[in-house]
2 protein chains.
Amino acid sequence: MATRTALQRRREAKIAYDAYLAECPSRRLLDSLSSKWVTLVVSALSEGDLRYSGLSQRLVGVSQKMLTQTLRTLERDGMITRRVTAAVPVRVDYSLTPLGRSLAVLVSQFKVWAEAHMDQVDRAQRTYDRRSRRLDSQA
Amino acid sequence: MATRTALQRRREAKIAYDAYLAECPSRRLLDSLSSKWVTLVVSALSEGDLRYSGLSQRLVGVSQKMLTQTLRTLERDGMITRRVTAAVPVRVDYSLTPLGRSLAVLVSQFKVWAEAHMDQVDRAQRTYDRRSRRLDSQA
DNA sequence: CCGTATCCGAAGTGATACTG
DNA sequence: CAGTATCACTTCGGATACGG
């Protein structure tokens, strides 16, 4: 049964890969950070603490669900702290931990790089798309 | 029709948000980079040019589909160049452009940061999970 | 060797309704 | 105010088969 063994081999490769992933620090962290809103939350908080409502105003377009999910993950990873003030109505403040602030440095570096190179990327994309269309019309 | 107008308002908000995204350089770039394999390809190529087969060996666990997709996106963004050598069988070499190399610097910075702080994140997660379990058992 | 095309299950995302 | 729970929808990613 060649089919079975081929499948089997891939399964094993995948398991080995997952184990490798679990042990690779940068990949695990990268996976957390690659989530759409993480960097936005971090850079929003790097300018000062914010309440839940403040964050949802600042991050235009975020849904309640994703904001909460992002905040929980960041809290679990030790990037932010969540402080509840018992009152009516309740008040919750979020702020960066030292770890979160050191991440914020990276994020802001990335922003600087992105803004500096965006035009190059734009040009590259236009060139690429023009060539693709030309090749298409030949076919 | 209150339902209709509420929905309408959200639609408009989403459109406005999308427009905002399209104009925000760092977000657009971040979205490309957050893809699972981009950073791995970049850091693999930063150590030297590679052929398609070389990349697929180095990036354990990547499927043909995702590797090709990632390479096309990176090529379109001007991060890598694709050089085809007509022969039998065909040979394709990938290498970083100057733009890609400047990105590779960021990626490697990130790797350094991740490896340096991974243990902190681990501890934070364990603490968080312990507390969550305690609160669960109270309920 | 280096892909493209297609199908399908899994995961991500958002809208909505409800709670302390 | 600051969430939780649920469901529908979309997108992603892998497996497979085929082409230059």
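Numbers restart at 1 for each chain; the letters A, B, ... are given by sequence-line order, proteins then strands.
- Between B/Leu106 and A/Leu106 the shortest side-chain heavy-atom distance does not fall below 4.5 Å.
- Near DNA chain C, defined here as any heavy-atom distance below 4.0 Å, the residues from residues 88-95 of chain B are B/Pro89, B/Val90, B/Val92, B/Tyr94, listed numerically.
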Using nucleotides 4-8 of chain C, report all nitrogen or oxygen pairs with the protein that are shorter than 3.5 Å.
| unit_1 | atom_1 | unit_2 | atom_2 | d |
| --- | --- | --- | --- | --- |
| C/dT4 | O4 | B/Gln64 | OE1 | 3.4 |

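- Atoms CG (A/Leu71) and P (D/dG3) sit 7 Å apart, rounded to a whole Å.
- Under the side chain to side chain donor-acceptor pair (under 3.5 Å) criterion, the residue pairs touching residues 76-91 of chain A are A/Arg76-B/Asp129, A/Asp77-B/Gln125, A/Thr81-A/Ser95, A/Arg82-A/Tyr94, A/Arg91-A/Asp93, with sequence neighbours excluded.
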Next item on the list: I would like to know whether B/Gln64 and B/Tyr52 meet side chain to side chain contact (heavy atoms under 4.5 Å, CB included); could you show each step before the answer?
Entry: CA-CA 10 Å; B/Gln64 256 187 348; B/Tyr52 183 90; 3.5 Å; yes
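- Between D/dA2 and A/Arg51, a contact under 4.0 Å exists linking OP1 or OP2 to a side-chain N or O.
- To the nearest 0.5 angstrom, B/Thr73 atom OG1 is 12.0 Å from B/Asp31 atom CG.
- Closest contact between the side chain of B/Arg82 and the listed nucleotides D/dA2, C/dC2, C/dG3 involves C/dG3.
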Next item on the list: With side chain to side chain contact (heavy atoms under 4.5 Å, CB included) as the test, would you mind laying out the steps for A/Gln109 and B/Gln109 before giving the verdict?
Entry: CA-CA 10 Å; A/Gln109 276 181 13; B/Gln109 275 181 14; 2.5 Å; yes
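- Using a 4.5 Å heavy-atom cutoff, the side chains of B/Leu71 and B/Glu75 are not in contact.
- For the contact set between residues 41-50 of chain B and DNA chain C, defined by any heavy atom under 4.0 Å, there are no members.
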Item checked: Residues A/Met118, A/Trp113; criterion side chain to side chain contact (heavy atoms under 4.5 Å, CB included); working and verdict -> CA-CA 8 Å; A/Met118 195 57 213; A/Trp113 183 89; over 6 Å; no
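- Following rounding to the nearest Å, B/Lys36 (NZ) and C/dG12 (C1') show an atom-to-atom distance of 14 Å.
- As a whole-Å value, the separation of B/Arg83 CZ from C/dC1 P is 18 Å.
- Whole-Å rounding puts the A/Gln57 CD to D/dC1 C1' distance at 12 Å.
- Side-chain contact between A/Ser102 and B/His117 is present, with at least one heavy-atom pair separated by less than 4.5 Å.
- The structure places CG of A/Leu99 at 4.5 Å from CD of B/Gln120, a figure rounded to the nearest 0.5 Å.
- Annotation: the terminal axes of the helix from C/dC1-D/dG20 to C/dG20-D/dC1 meet at 50°, where each axis is the rotation carrying the C1' atoms of four end pairs onto the next four (5 pairs per end, rounded to 10°).
- Of all heavy-atom pairs spanning B/Val84 and B/Val92, the tightest one is CG2-CG2, 4.4 Å.
- At least one side-chain heavy atom of A/Thr127 sits under 4.5 Å from a side-chain heavy atom of A/Arg130.
- Taking only side-chain nitrogens and oxygens, B/Ser63 never comes nearer than 4.0 Å to OP1 or OP2 of D/dA15.
- We find that CG of B/Asp31 is positioned 14 Å from C1' of D/dT11, with the value rounded to whole Å.
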Between side-chain atoms of residues 40-51 of chain B and protein atoms elsewhere (two or more places apart, or another chain), which donor-acceptor pairs fall under 3.5 Å?
| unit_1 | atom_1 | unit_2 | atom_2 | d |
| --- | --- | --- | --- | --- |
| B/Ser43 | OG | B/Thr39 | O | 3.3 |
| B/Ser43 | OG | B/Leu40 | O | 3.3 |
| B/Ser46 | OG | B/Ser43 | O | 2.7 |
| B/Glu47 | OE1 | B/Arg58 | NH2 | 2.6 |

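- Interatomic distance, B/Ser35 OG to B/Leu30 CG, rounded to the nearest 0.5 Å: 11.5 Å.
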Note to self: If you apply the rule side chain to side chain contact (heavy atoms under 4.5 Å, CB included), what do you find for A/Leu103 with A/Leu33, and how did you get there?
What the structure shows: CA-CA 10 Å; A/Leu103 175 62; A/Leu33 298 183; 3.8 Å; yes
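- Summarising the geometry, the separation between CG on A/Leu67 and P on C/dA15 is reported as 14 Å, rounded to the nearest angstrom.
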